[in-house]
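The first residue of the sequence shown is numbered 1, and numbering continues consecutively from there.
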Amino acid sequence: MVRHPSALSKFEQIVAASKGKKIVMFLDYDGTLSPIVDDPDSAFMSDTMRRAVRSVAKPFPTAIVSGRCRDKVFEFVKLAELYYAGSHGMDIKGPAKASRHNKAKAKGVLFQPASEFLPMIEQVHDSLIEKTKCIPGAKVENNKFCVSVHFRCVDEKSWNTLAEIVKAELKEYPKLKLTQGRMVFEIRPTIKWDKGKALEFLLESLGFADCTNVLPVYIGDDRTDEDAFKVLRKRGQGIGILVSKYPKDTNASYSLQEPAEVMDFLLRLVEWERLSRARPKW
Ligand SMILES: O=P(O)(O)OC[C@H]1O[C@H](O[C@H]2O[C@H](CO)[C@@H](O)[C@H](O)[C@H]2O)[C@H](O)[C@@H](O)[C@@H]1O
């Protein structure tokens, strides 16, 4: 498998592609801004990473796109000036306050294409809490429009049993589907909506629909981020960056090894923007 070039070593190539264009940043949370840890409730973001994200969001409109529910990812990130797309893009909200990025339409935008699924997701969540009690280490997380069933702390011998419990539950809900992330089963509505659609929705809300003068940059580590990388490829516009230590099959064009490198990349972008503003234009 090919290792995609490092977004740090190809930094000049990336910023050259942004000439005459507005960069819009899209950042996944787990595994991208915070390191992967055993307990999903302890996936804290460092203060230095928070400062880097805050700095990048000043010159560039910035969105967090996560599988987590929006409120929870906001509790971790704590930056009110950002856009948030929680539940794999099914819960989108813009900053309440006006900023220089948000044209009237994007300010306070709220979009929840799966709201009819709320009661069903609640039911599945409650039922899976009961049914997985017999599997030590299993953790069921309510992500509002989806449910995550974690097996990172489950003995490998019980992975199949847990998968069977989840699959059996889903048989009762044909309108829900099962996908897999990093040591987690993700239960989601079957609607045609994902992180890629959320990216397109946010670009449109920001006033960049059908524009050629925009360069979306999406950084993510998980399978669900591939939907966004695919959208960028299809548009022939934007930069997809996969966070991974190992070569993977991906639709991204560049890679970064871990959250520490993501932070370096964000800070380099901030510095490049500062210098390009200061440079005389003749
Ligand atoms: O789209 P993301 O922001 O990357 O969210 C995807 C899932 O991330 C979380 O789970 C993952 O990170 C946990 C903490 O490091 C880790 O324990 C778990 O094994 C990973 O799968 C989150 O808890 C899930 O709800 C998200 O769907």
Side-chain angles (χ1 to χ4, degrees), residues 23-37 40-41 43-97 99 101-102 106-113 141 143-146 148 181-182 186 193-206 208 216-229 231-232 238-243 252 256 258-259 262-263 265-267 269-270:
I23 291 179
V24 180
M25 292 298 304
F26 295 90
L27 302 167
D28 166 55
Y29 183 73
D30 289 279
T32 297
L33 297 180
S34 72
I36 293 292
V37 291
D41 294 334
F44 302 109
M45 181 176 164
S46 67
D47 287 339
T48 44
M49 180 66 97
R50 185 169 299 103
R51 276 198 289 277
V53 176
R54 180 181 284 133
S55 321
V56 95
K58 280 186 187 141
F60 310 121
T62 299
I64 305 291
V65 188
S66 174
R68 291 190 184 254
C69 75
R70 182 166 50 78
D71 290 349
K72 210 180 292 171
V73 78
F74 178 79
E75 270 171 41
F76 281 126
V77 178
K78 295 190 176 86
L79 294 171
E81 60 272 44
L82 309 186
Y83 293 80
Y84 288 86
S87 308
H88 297 290
M90 286 180 283
D91 190 4
I92 302 182
K93 197 164 188 309
K97 273 204 205 147
S99 82
H101 304 309
N102 54 41
K107 181 178 148 313
V109 59
L110 179 67
F111 186 62
Q112 298 180 325
E141 195 183 0
N143 279 325
K144 191 164 180 172
F145 296 107
C146 32
S148 299
R182 295 179 73 169
E186 306 267 23
W193 198 267
D194 52 35
K195 288 182 171 186
K197 294 271 186 208
L199 178 150
E200 286 182 312
F201 176 88
L202 279 163
L203 284 178
E204 192 177 318
S205 305
L206 284 158
F208 293 116
V217 176
Y218 189 106
I219 312 183
D221 72 315
D222 210 345
R223 286 191 211 173
T224 55
D225 299 307
E226 290 295 330
D227 294 320
F229 298 147
V231 163
L232 296 183
I239 309 271
I241 304 177
L242 175 73
V243 184
L256 289 167
E258 55 193 351
V262 173
M263 190 166 77
F265 179 81
L266 297 180
L267 292 174
L269 211 51
V270 171

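Every side-chain contact (heavy atoms from CB on, under 4.5 Å) that Leu79 has, sequence neighbours left out, goes to Arg50, Val53, Arg54, Val77, Glu81, Leu82, Tyr84. Residues passing the salt bridge (charged side-chain N to carboxylate O under 4.0 Å, His left out) test with Glu258, sequence neighbours excluded: Lys245. Under the ring pair (Phe, Tyr, Trp, His ring centres under 6.0 Å) criterion, Phe201 pairs with Phe111, sequence neighbours left out. Judged as a side-chain contact (heavy atoms from CB on, under 4.5 Å), and not counting sequence neighbours, the contacts of Glu200 are Lys197, Val231, Arg235. Partners of Phe265 by ring pair (Phe, Tyr, Trp, His ring centres under 6.0 Å), not counting sequence neighbours, listed by chain and number: Phe11. Take Asp91 and apply the side-chain hydrogen bond (donor to acceptor under 3.5 Å, both in side chains) test, not counting sequence neighbours, and it matches Arg70, Gln112. With sequence neighbours excluded, the residues forming a side-chain contact (heavy atoms from CB on, under 4.5 Å) with Leu232 are Leu199, Pro216, Tyr218, listed by chain and number. Under the side-chain hydrogen bond (donor to acceptor under 3.5 Å, both in side chains) criterion, Asp28 pairs with Thr32, Lys195, not counting sequence neighbours. By the side-chain hydrogen bond (donor to acceptor under 3.5 Å, both in side chains) test, Lys144 is found to be paired with no residue, residues two or more places apart in sequence or in another chain being considered. Scanning for side-chain hydrogen bond (donor to acceptor under 3.5 Å, both in side chains) contacts around Arg182 gives Asp221, with sequence neighbours left out. Taking the salt bridge (charged side-chain N to carboxylate O under 4.0 Å, His left out) definition, one finds that Glu141 meets it with Arg68, Lys72, sequence neighbours left out. Ser34 pairs by the side-chain contact (heavy atoms from CB on, under 4.5 Å) definition with Tyr29, Asp30, Ala43, not counting sequence neighbours.
Between the side chains of Asn143 and Ser148, at least one donor N or O lies within less than 3.5 Å of an accepting N or O.
Taking 4.5 Å as the limit, some side-chain heavy atom of Leu206 sits within range of a side-chain heavy atom of Tyr83.
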